[in-house]
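What follows is a single structure, written as structure tokens, with notes after it.
Numbers for residues simply follow the sequence, beginning at 1.
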Amino acid sequence: MTAINLENIVKRYEEKKKSVKRRIIICGGTGCIANGSLRVRDAIMREMNKAGIDAVVELVDELEHPQLQQASPCAGQDPVYFSKSGCQGFCQMGPILRIEPEGIFYGHVREEDAAEIVHATLLNGELVERLAYVNPATGKSCHYENEIEFYTRQNRVVLKNYTIDPDDVEEYIYNGGYFGARKALLEMTPEDVCQTVLDSGLRGRGGGGFPTGLKWKFTLASQNDKKYVICNGDEGDPGAFMDRSVMEGNPHAVIEGMMIAGKAIGADEGVVYVRAEYPLAVERMNKAVKDAFAHGLLGDNLFDSGFNFKVRIMEGAGAFVCGEETALIASVEGKRGMPMPKPPFPAQSGLYGKPTVINNVETLASVPFILREGAAKYREVGTDKSPGTKTFALTGHVANTGLIEVPFGTTLREIVYNIGGGVTNNAGQVTGDDFKSVQIGGPSGGCLTPEMLDMPIDFDSLKAAGAMVGSGGLVVMNKQTCMVRIARFFMQFTQNESCGKCVPCREGTKQMLALLDDIIEGRGTPETLDLLEQVAKAVQLGSLCGLGKTAPNPVLSTLRYFRDEYESHVIKKICPAGECKALARPEIDPAKCKGCTACARKCPVSAISGKVKEPHTIDPEKCIKCGACKAACRFQAIKGI
């Protein structure tokens with residue numbers, strides 16, 4: 001096969017762009033698809049057909065609908081290019097529709113909006129006001145992406161190609177794709193590649209934060225005629241979807257990163273390990289691999305360099321522990337996914353006993369930029385010890401949820417209040433003083449407090465605070481959240497996901513979960529807190545792999561920063577947030593109570609008293625927390641039951 005000419009593809013794609021005056025981009029990420037973006041796309045296509053607008057459609061695989069026929073050109077109308085993208089990040093606003101070149105941003109688009117979009121915007125150049133994003137803090141309507149702080153305050157490197165068609169390898173090349181790989185293969189030695197990545201300061205984005213270039217150097221130094229590159233796409237943290245979105249939206253960046261890693265360590269084969277719960281990521285990664293082979297970007301003698309590299313996709317069964325590299329290797333080999341003691345490290349003896357480098361999706365997707373633009377360019381953002389950017393899945397009690405990418409060193413305040421739009425109460429309203437905590441790093445991470453809002457987010461600062469970057473989950477919590485229940489939620493997750501191989505993790509997490517149950521169910525004592533802390537530290541020290549060693553982090557961090565809340569549970573027998581039913585103090589909100597007496601009439605133990613049309617009260621000594629009053633109240637005035 002003749003070596004691929006990237007410049008020719010860029011020129012060809014440039015000519016293609018010139019023929020397209022307007023482009024509609026529908027978000028094709030999992031979240032928007034689940035919210036109906038495919039139905040929106042179909043409805044708009046039907047309206048375009050009715051209006052006689054010529055549509056250039058290149059929607060394939062899961063988005064292909066052959067029954068949608070292209071219309072005949074409408075007099076005076078240029079053809080419209082209709083394409084999909086991966087996740088555009090702003091999940092709170094899905095389904096998302098973008099119209100280029102104007103940069104129009106429409107959110108919460110439904111099928112019934114199709115006719116108005118076509119006739120108002122495509123035909124008459126008018127904006128559909130109700131589909132604009134409204135800033136929750138200012139109330140301002142934003143019609144264009146460059147007006148939306150959720151986007152303008154980010155710095156996207158890994159997510160830079162969030163509007164390209166993930167199934168179009170030529171669009172990826174047009175945006176700089178595979179130029180970094182070609183440079184590595186034709187102009188650099190393996191040592192040069194390792195040193196460039198080391199100079200960039202790139203650290204593992206899977207949670208450990210180990211210098212990527214150093215890991216590659218260790219693997220390069222291992223002498224063997226066969227080596228492997230593994231992409232760890234086994235993202236399992238609750239609420240985390242960074243790696244999934246990168247694989248769905250920019251799969252060729254992952255493949256290019258693996259090619260560069262292969263050159264760096266002397267490997268000729270790569271494996272992308274993706275959990276089966278990510279069917280769209282699996283599908284798009286498979287197509288990207290197929291297209292890369294077809295274009296001569298994978299296979300033998302790449303770019304006439306004499307370097308051979310192939311990639312295959314493997315689906316994992318969804319065990320959280322398989323995110324640990326030795327357990328992942330066992331799974332790829334067809335064995336039960338259980339961690340192994342180290343040393344030997346995978347750099348010495350990994351897949352099938354051969355030297356292996358394992359990097360997560362985001363790490364590999366960062367590499368093409370470094371090779372293309374240089375290590376110094378990559379270090380222009382971030383901090384000295386944590387250069388570059390990090391993606392986070394921003395969820396919880398925050399106005400703008402979704403996928404974000406910011407430089408290391410960005411403060412929590414910037415993320416929560418500016419990008420996130422502010423903290424919401426349980427009614428979904430943005431408030432100014434409702435922030436309580438952020439859980440960062442998932443089950444392996446810890447909680448940050450209001451006092452840490454101005455702390456820079458980086459590997460070292462978070463470690464000092466008893467938390468960690470982890471894979472990038474970031475859950476915002478308001479003051480109505482019980483931190484003991486949050487700790488129990490993550491402990492239950494890690495206990496369920498423990499492979500059971502080592503005693504400290506298998507039994508220790510079980511005992512920690514039982515102690516947390518005692519606390520939230522009213523059986524806890526001050527001694528329970530001491531025992532919980534002792535067991536947590538023992539599990540942290542004695543567990544075999546990262547799952548067990550980090551499982552106590554949410555417990556230890558909440559004990560450290562919210563101990564008064566734990567003490568209220570065990571000493572006062574009250575849950576301050578009112579979320580633990582056994583410890584909630586029953587009461588009636590006088591501001592909401594209308595004095596209708598419905599609750600008093602339903603109470604089986606006559607614990608409620610009050611005059612008609614005046615606020616009522618509950619006697620906590622009589623109340624049996626049966627819930628009859630809460631069910632009867634039409635004004636949501638009953639609390640603590």
Going through the distances and angles, do I4 and I9 end up as a side-chain contact (heavy atoms from CB on, under 4.5 Å)? CA-CA 9 Å; I4 186 171; I9 291 178; 3.5 Å; yes
Give the intermediate values and the outcome of ring-ring contact (aromatic ring centres under 6.0 Å, His included) for residues F241 and Y278. CA-CA 10 Å; F241 50 93; Y278 289 174; 9.6 Å; no
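Ring pair Y174/Y13 is tilted by interplanar angle, where 30° to 60° counts as tilted.
Taking the charged nitrogens against the carboxylate oxygens, D268 and K227 have no contact shorter than 4.0 Å, which rules out a salt bridge. Taking 4.0 Å as the cut-off between side-chain N and carboxylate O, D167 and K84 count as a salt-bridged pair. Taking a cutoff of 4.0 Å between a charged side-chain nitrogen and a carboxylate oxygen, R244 and E277 do not qualify as a salt bridge. Between E405 and K160 there is no salt bridge, since no side-chain N of the basic residue sits under 4.0 Å from a carboxylate O of the acidic one.
The two atoms that bring E111 and V40 nearest to each other are N-CG2, 4.0 Å, heavy atoms only. Minimum heavy-atom separation, I260 to P368: CD1-CA, 4.0 Å. A pairwise comparison of heavy atoms in G337 and C322 identifies CA-SG, 3.8 Å as the closest pair. When all heavy atoms of G548 and C505 are compared, the closest pair comes out as CA-SG, 3.8 Å. Minimum interatomic distance between M512 and V539 (heavy atoms only, all atoms of both residues): SD-CG2, 4.1 Å. When all heavy atoms of I520 and V484 are compared, the pair lying nearest together is CG2-CG1, 3.4 Å.
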Show which side-chain atoms of residues 438-448 pair as donor or acceptor with protein atoms under 3.5 Å away, not counting sequence neighbours.
residue: Q439; atom: NE2; partner: G442; partner atom: O; Å: 2.7
residue: S444; atom: OG; partner: T550; partner atom: OG1; Å: 3.0

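Checked by atom type and distance alone, the side chain of N250 never pairs as donor or acceptor with a backbone atom of Y162 at under 3.5 Å. With hydrogens and angles disregarded, no donor-acceptor distance shorter than 3.5 Å links the side chain of S37 to the backbone of G28. With hydrogens and angles ignored, the 3.5 Å screen pairs a side-chain donor or acceptor of E324 with a backbone N or O of T326. Judged by distance alone, with hydrogens and angles left aside, the side-chain atoms of E256 form a donor-acceptor pair with the main-chain N or O of A181 at under 3.5 Å. A distance-only check finds no donor-acceptor pair linking the side chain of E579 to the backbone of T481 [under 3.5 Å]. When atom types are taken as modelled, the side chain of R372 and the backbone of G176 share a donor-acceptor pair closer than 3.5 angstrom. Here the side chain of S349 pairs no donor or acceptor atom with the backbone of F345 at under 3.5 angstrom. Between the side chain of S557 and the main chain of P554, a donor-acceptor pair closer than 3.5 Å is present. Side chain of R506 to backbone of P504: no donor-acceptor contact under 3.5 angstrom is found. In this structure, N175 contributes its side chain and E171 its backbone to a donor-acceptor pair below 3.5 Å.
Side-chain contact between R205 and L202 is present, with heavy atoms from C-beta onward closer than 4.5 Å. Looking at heavy atoms from C-beta onward, L297 lies in side-chain contact with F303 at the 4.5 angstrom threshold. Using a 4.5 Å heavy-atom cutoff, the side chains of V555 and R488 are not in contact. Within the 4.5 Å cutoff, side-chain heavy atoms of V367 are placed close to those of L371. Residues K510 and L513 have side chains not in contact (no heavy-atom distance under 4.5 Å, counting atoms from C-beta outward). Contact annotation: the side chain of I44 approaches that of F82 to within less than 4.5 Å [non-hydrogen atoms, C-beta and beyond].
Residues meeting the ring pair (Phe, Tyr, Trp, His ring centres under 6.0 Å) test with F459, sequence neighbours left out: F408.
Between the side chains of N553 and Q540, at least one donor N or O sits under 3.5 Å from an acceptor N or O. A donor-acceptor contact under 3.5 angstrom links the side chains of E248 and T30, judged on distance only. Between the side chains of T401 and Q92, at least one donor-acceptor pair of N or O atoms lies under 3.5 Å. In this model, a donor atom of one side chain and an acceptor atom of the other lie less than 3.5 Å apart for R23 and S83. N360 and D243 are linked by a side-chain donor-acceptor pair at a separation below 3.5 angstrom, with hydrogens and angles left out of the test. Side-chain contact, S85 with Q88: a donor N or O sits under 3.5 Å from an acceptor N or O.
Separation of the Y133 and F90 ring centroids falls under the 6.0 Å cut-off.
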